[in-house]
S.K.: 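Have a look at this one.
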2 protein chains.
Amino acid sequence: MNSQSDNAVFQQHNHASCIHDALITAKKLCKERGLRLTDTRLRVLELIWQSHKPIGAYDILAQFGQEGRNSAPPTVYRALEFLQENGLVHRIASLNAFMGCVCPQEGHQGGFLICKQCKRAQEITEDTLRKQLLSLAQEQDFEVESMTLEISGLCTTCRTAQ
Amino acid sequence: MNSQSDNAVFQQHNHASCIHDALITAKKLCKERGLRLTDTRLRVLELIWQSHKPIGAYDILAQFGQEGRNSAPPTVYRALEFLQENGLVHRIASLNAFMGCVCPQEGHQGGFLICKQCKRAQEITEDTLRKQLLSLAQEQDFEVESMTLEISGLCTTCRTAQ
DNA sequence: GCTCAATTGTTATAACATTACATTTCTTAC
DNA sequence: GTAAGAAATGTAATGTTATAACAATTGAGC
Ligand SMILES: [Zn+2]
Ligand SMILES: [Zn+2]
Ligand SMILES: [Zn+2]
Ligand SMILES: [Zn+2]
C-alpha cells in the first residue's frame with residue numbers, strides 16, 4: 001500500500017458497507033463473548049460509524065432526540081462506556097469525541113491521526129510503535145495499562161488542497 | 001541512568017529548588033523572546049510546579065481565591081494558554097490537567113507516563129520515539145502539527161508497594 | 001503625556017460528564 | 001410459568017471543564 005491508496009481509503013470508500021460491516025462484527029463479537037448489545041448500544045455504535053468523524057456524546061444525544069428517544073446524558077454515556085470497555089469504540093481525549101474501532105478487540109488501544117481541517121480521524125493500526133512505547137515505559141519501570149496517542153495535523157487531501 | 005535512579009528523580013528530589021529553577025528558566029526564556037511573564041502568568045506557572053502533579057485549571061483558580069485574587073476562569077485559562085503556547089507547560093488531555101515542562105522550548109510536544117494511583121506524571125524526554133511517530137505519520141502522507149502521547153499505568157513505587 | 005496594543009476583569013454561558021435513585025427488562029432457578 | 005436477583009435504562013439534578021463577549025486597565029513606544 002502506498003500513501004495514495006491509503007488516502008483513498010481514508011477519504012472515500014463504500015461507507016454504507018463499512019458501517020454495515022462494523023455492526024455485523026460488533027454483533028458477532030458480543031455474541032461470542034456473551035455481551036448484550038442492546039438497542040441503545042447498537043444505535044449509539046451505528047451513529048458513531050455513520051458520522052465518519054469523531055463524534056461527541058452530546059451529538060449522539062441530539063440524534064436520539066430527533067429520533068424520538070427521550071434520553072438524557074447518562075443513557076449515551078453508559079452505552080459509550082460499554083462500547084469502549086469492549087473495544088468497539090475509542091475515545092479521543094484531545095477532542096472529547098468517539099470513533100468506531102477499525103480492529104475491535106478487547107484491551108487494544110488505538111492511536112489516531114486527526115486532521116484539524118476536515119476533522120476526520122484515521123486510526124493507526126500499526127503495532128510496531130506501540131510495542132516500542134511499551135518497552136520505553138518498561139525501561140522506566142512503568143507498568144502500562146493504557147495509551148493515548150493522538151497526532152494532530154493535516155491530512156493529504158487538506159494539505160494538497162491548500 | 002538506571003531505572004532506580006530515574007525513579008528516585010521521579011519520586012523525590014529537592015522540590016523547592018526544582019520549582020525555583022523552573023521559574024528562573026521561564027523568566028530567562030521570556031526575557032530572551034521578549035514575552036511578558038506577568039504576575040498572573042508567573043503565579044500560575046509557580047502553582048503548577050508546586051503541585052508536583054498534573055493540576056486542573058479550577059484548582060489553580062481555587063488557589064487564586066485563597067490568595068485573595070478574585071479571579072474568574074478566563075484569567076487562569078488565558079495564563080495557561082500563554083504558558084502552553086510558549087512551551088512552559090503541557091496540557092494532559094486525558095486528565096484535563098496541566099504540568100510544567102521539564103525541557104521548555106517552543107514547539108516541543110511532551111509525552112507523559114501517568115500513574116493512576118499516586119497521580120503523578122513523568123514527562124518523557126526521549127526523542128527517538130517522537131521522531132518515529134513523525135515518520136509514521138509521514139508514511140501516511142500526514143503533516144504533523146502536534147502530538148498527544150499519554151501512557152497511563154502504575155509507577156515503580158506504586159507497583160512495588162502493592 | 002498620548003496612543004495603541006496587550007492584558008486583565010467581569011458576566012454569562014457553552015460543552016462535557018457524573019451522581020443518585022427510581023423503574024423496567026432480562027435471566028436464571030425453581 | 002413465576003419469583004428473585006441482576007443488568008440495563010429512565011430521570012432529575014448537579015458537577016466539572018472551557019469559552020464568548022465586552023468593558024476596564026495597564027504598559028510600551030513615540
Ligand atoms: Zn482500534
Ligand atoms: Zn483533512
Ligand atoms: Zn516538555
Ligand atoms: Zn504511582
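Proteins come first, then strands; the chains are lettered A, B, ... in the order of their sequence lines, and each starts at number 1. As a basis for the values below, the full set of heavy atoms in this structure was taken, side chains included, without hydrogen atoms, waters or symmetry mates. Everything numeric here is computed off the predicted structure, so don't read it as measured data.
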S.K.: Measuring from the side chain of Ala72(B) (C-beta onward, heavy atoms only), which nucleotide among dT11(C), dT18(C), dA20(C) has the closest atom?
M.R.: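 The answer is dT11(C), which lies nearest to the side chain.
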S.K.: Within the 4.0 Å heavy-atom criterion, would you say Arg36(B) contacts the bases, only the backbone, or no part of the nucleic acid?
M.R.: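 Sugar-phosphate: the residue Arg36(B), judged by heavy atoms under 4.0 Å, touches backbone atoms but no base.
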S.K.: On DNA chain C, check which nucleotide each of Asn70(B) and Arg91(A) is closest to and give me the residue with the more 5' one.
M.R.: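 This one resolves to Asn70(B).
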S.K.: Kindly say whether, by distance alone, the side chain of Arg69(A) makes a donor-acceptor pair under 3.5 Å with the base of dG10(D)?
M.R.: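 Check fails, no donor-acceptor contact within cut-off.
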S.K.: Expressed as a whole number of angstroms, how long is the span from Leu95(B):CG to dC16(C):P?
M.R.: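 Distance check: Leu95(B) CG to dC16(C) P gives 18 Å.
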S.K.: Looking at dT16(D), I'd like to know if its phosphate oxygens (OP1 or OP2) sit under 4.0 Å from a side-chain N or O belonging to Asn96(B).
M.R.: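 So the side-chain polar atoms of Asn96(B) never come under 4.0 Å of the phosphate oxygens OP1 or OP2 of dT16(D).
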S.K.: Between atom CD in Glu81(B) and atom P in dT19(D), what is the gap in whole Å?
M.R.: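 About 8 Å, once rounded to whole Å.
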S.K.: With distance as the sole test, does Arg91(A) use its side chain to make a donor-acceptor pair with the main-chain N or O of Ala97(A) at under 3.5 Å?
M.R.: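 No, because the side chain of Arg91(A) does not come within donor-acceptor range (under 3.5 Å) of the backbone of Ala97(A).
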S.K.: Any side-chain N or O of Tyr77(B) under 4.0 Å from OP1/OP2 of dA18(D)?
M.R.: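 Yes, within the criterion.
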S.K.: Should Glu46(A) and Arg43(A) be marked as a salt bridge (Lys or Arg N to Asp or Glu O under 4.0 Å) after you check the CA-CA gap, both sets of side-chain angles, and the distance that decides it?
M.R.: CA-CA 5 Å; Glu46(A) 193 176 9; Arg43(A) 185 62 185 136; 3.0 Å; yes
S.K.: Return the 5'-most residue of the pair Thr40(A), Asp59(B) with respect to DNA chain D, ranking by each residue's nearest nucleotide.
M.R.: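 The residue whose closest nucleotide sits nearer the 5' end is Thr40(A).
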S.K.: Hey, does Arg41(A) reach any base, or is it just sugar-phosphate, or nothing, if we go heavy atoms under 4.0 Å?
M.R.: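 Sugar-phosphate contact only - Arg41(A) comes under 4.0 Å of backbone atoms but never of a base.
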S.K.: Does dT16(D) have Tyr58(B) stacked on its base, where the ring centres are within less than 5.5 Å and the planes differ by under 30°?
M.R.: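 Stacking is absent between dT16(D) and Tyr58(B), given that the ring centres and planes do not meet under 5.5 Å and under 30°.
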S.K.: Would you call the rings of His52(B) and His15(B) parallel, tilted or perpendicular, taking 30° and 60° as the class edges?
M.R.: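 Parallel.
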S.K.: Taking the side chain from Glu145(A) and the backbone from Ser152(B), do they hold a donor-acceptor pair closer than 3.5 Å?
M.R.: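 The answer is no, because no donor-acceptor pair under 3.5 Å joins these two groups.
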S.K.: Please pick, from dA18(D), dT11(D), dT10(C), the nucleotide with the shortest atom-to-atom distance to any side-chain atom of Thr75(A).
M.R.: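 Nearest nucleotide to the side chain: dT11(D).
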S.K.: Of the nucleotides dA18(D), dT9(D), dT8(C), which one has an atom closest to the side chain of Thr38(B)?
M.R.: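 Closest nucleotide among those given: dT8(C).
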